[in-house]
Enquirer: 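Let me begin by handing over the structure; questions about it come next.
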Amino acid sequence: MLRAGAVPMIDYHMHTPLCHHATGSPAEYLEVARQKGIGEIGFADHYPLGLLGVQQHSPVTMSPGELSGYINEIRALAADEKEITVRLGIEVDYIPGKEETLAELLPREPFDYIIGSIHFMGDWDFTHPRHAALYNSSDLGQIYSRYFELLWQACSSGLFDIMGHIDVVKKFGHRLPDEAMEFYWQRTASILKKNDLCFELNTAGRAAPAAEFYPGRRLLELCSRKEVPVTLGSDAHGPEQVGRYFDDALALLHDVGYRELAVFSRRQRNFIPLEREK
Ligand code: ZN
Ligand code: FE
Ligand code: FE
Ligand code: ZN
C-alpha cells in the first residue's frame, strides 16, 4: 500500500450535480474521502460556459448564476470540516479566443487552483459519449493534431495551475501508433515544463474505453524525467468514484520516479511527499 508520506492522500478532481452530469452532494464525496483515508480533497466542477458567451445545446457546466452558490457551498463545507482539508478548485474549458475574458474573470474568485481542460474542438464535445461517433468519420491524425495544438495553446495561456486529463483524446480508444504519439508526448512534457505548469494523474480514464489513466505511462515518464509537478484526481462524477484506482495510481507515479505530489492553496503550489509505507 502506498500513501503520500506524513500527509495523507489527496483527490483534487471531484464534481458536483451543478454540471448536470454528476450525482451526489459535496458532503457525500467528503464522506467517501473520509472512509478511504484521503486527507485533502478538492472540488473542481465545470466553470460556467455561459460566462464565456458559449451557448450549450445541452448544459455540461453550471450556469453563470450558480457560480457563487458553488463557491459558498464548498467554502462552508471546508469551514465545517475538522479532519479533512477541503480545497476550492474549478475545471475551466480552454476555448481559443476567450483568454482575455478568462484572465479577467478567474482572478475574481477565491479558487485554490484552476484546472484547464480541453473538452471541445470547435462545437464538437469530443469527450462526450453521445458525440463519440465523430471519431470514426474523421481523420484520426487530424483529430490528434488539433487536440494537442489546443492543449499546447492552453498551456501557454497562463490561465491555469493544473492541466486536466492531458491525453483525454484517447478516451474512446481511438489511438495513433506509439511512434506517431512520441512527438506529441515529448512536446507536451516540454511545454508543461516551459510554462512551469502542473498536470494531474487523472484516474477516470481507466473506466473509459481507453482503459488507462490520463496520461498513460510514457507521457507520465517523460514528465517525471523533466520534473514537471504532478497532482492526483479521480474526476469523480459520483461519490463512489472518489479515490478510485488510487493504489495503482500511486504505484505508477512511484514507478516512473515521482516522489512528491503538488498541492495548492489560493493558487500557491506546494508539495507533499509520496512515499512507500514501511
Ligand atoms: Zn464533467
Ligand atoms: Fe474534464
Ligand atoms: Fe472533471
Ligand atoms: Zn472531467
Side-chain angles (χ1 to χ4, degrees), residues 10-26 28-29 32-33 41-52 54 56-63 66-67 70 74 87-95 98 102 106 111-121 124-132 147-148 150-151 153-155 157 159-172 188 197-210 212-216 219 230-246 249 264:
I10 62 170
D11 187 341
Y12 260 29
H13 195 149
M14 310 190 311
H15 287 272
T16 83
L18 290 172
C19 68
H20 306 273
H21 58 272
T23 56
S25 69
E28 293 175 281
Y29 288 66
V32 176
I41 58 171
F43 289 87
D45 209 1
H46 298 282
Y47 186 79
L49 275 170
L51 287 176
L52 305 184
V54 176
Q56 303 180 72
H57 311 288
S58 47
V60 288
T61 72
M62 65 183 87
S63 67
E66 289 169 325
L67 181 60
Y70 166 71
I74 303 308
R87 299 292 181 197
L88 173 67
I90 195 85
E91 181 176 21
V92 178
D93 282 293
Y94 175 72
I95 295 179
K98 303 297 181 185
L102 284 173
L106 293 177
F111 297 131
D112 286 310
Y113 56 87
I114 297 174
I115 300 179
S117 295
I118 317 289
H119 300 112
F120 295 95
M121 297 187 213
W124 181 28
D125 182 355
F126 67 92
T127 68
H128 199 298
R130 203 185 306 143
H131 308 299
Y147 171 78
F148 281 99
L150 281 167
L151 177 70
Q153 272 182 47
C155 289
S157 70
L159 293 166
F160 310 119
D161 305 307
I162 301 167
M163 298 314 297
H165 43 63
I166 55 177
D167 63 354
V168 71
V169 66
K170 74 186 178 190
K171 178 172 180 177
F172 298 107
T188 296
L197 275 163
C198 175
F199 71 106
E200 59 171 6
L201 182 61
N202 180 315
T203 59
R206 177 167 297 183
E212 187 185 84
F213 297 151
Y214 310 119
L219 179 48
V230 69
T231 192
L232 179 62
S234 64
D235 214 339
H237 282 75
E240 73 288 352
Q241 295 169 4
V242 170
R244 183 161 61 160
Y245 311 128
F246 274 18
F264 290 82

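Ligands are counted one by one from 1 in listed order, and the atoms in each one are counted from 1 as well. Just so it is clear, the structure is predicted and the values come from calculations on it, not from any experiment.
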Enquirer: Suppose we call two aromatic rings close when their centres sit under 6.0 Å apart. Are His131 and His119 close by that rule?
Expert: no
Enquirer: When you measure from the Zn ion (ligand 1) to the N, O or S atoms of Cys19, does any of those distances fall below 2.8 Å?
Expert: no
Enquirer: For His13 and Glu200, test the side chains for any donor-to-acceptor distance below 3.5 angstrom and give the result as yes or no.
Expert: yes
Enquirer: His21: which residues meet the ring pair (Phe, Tyr, Trp, His ring centres under 6.0 Å) condition with it, sequence neighbours left out?
Expert: His46, His237
Enquirer: In His21, what N, O or S atom is nearest to the Zn ion (ligand 1), if we give its atom name?
Expert: NE2
Enquirer: Counting backbone and side-chain atoms alike, does His237 have an N/O/S atom under 2.8 Å from the Zn ion (ligand 1)?
Expert: yes
Enquirer: Tell me, please, if His46 has any N/O/S atom, main chain or side chain, under 2.8 Å from the Fe ion (ligand 3)?
Expert: no
Enquirer: Examine all N, O or S atoms of Glu91, backbone included, and report whether one is under 2.8 Å from the Fe ion (ligand 2).
Expert: yes
Enquirer: Any chance the rings of Phe120 and Phe126 have centres within less than 6.0 Å?
Expert: no
Enquirer: Which N/O/S atom belongs to Asp235 and is the closest one to the Fe ion (ligand 3)?
Expert: OD1
Enquirer: Report the C-alpha separation of Leu201 and Thr231 in whole Å, then their side-chain angles, then the decisive distance to 0.1 Å, and conclude whether the side chain to side chain contact (heavy atoms under 4.5 Å, CB included) test is met.
Expert: CA-CA 6 Å; Leu201 182 61; Thr231 192; over 6 Å; no
Enquirer: For the Fe ion (ligand 3), decide whether His165 has an N, O or S atom at a distance under 2.8 Å.
Expert: no
Enquirer: List the steps, then state whether salt bridge (Lys or Arg N to Asp or Glu O under 4.0 Å) holds for Glu212 with Arg206.
Expert: CA-CA 4 Å; Glu212 187 185 84; Arg206 177 167 297 183; over 6 Å; no
Enquirer: Closer than 2.8 Å to the Fe ion (ligand 2): does that hold for any N, O or S atom in His119?
Expert: yes
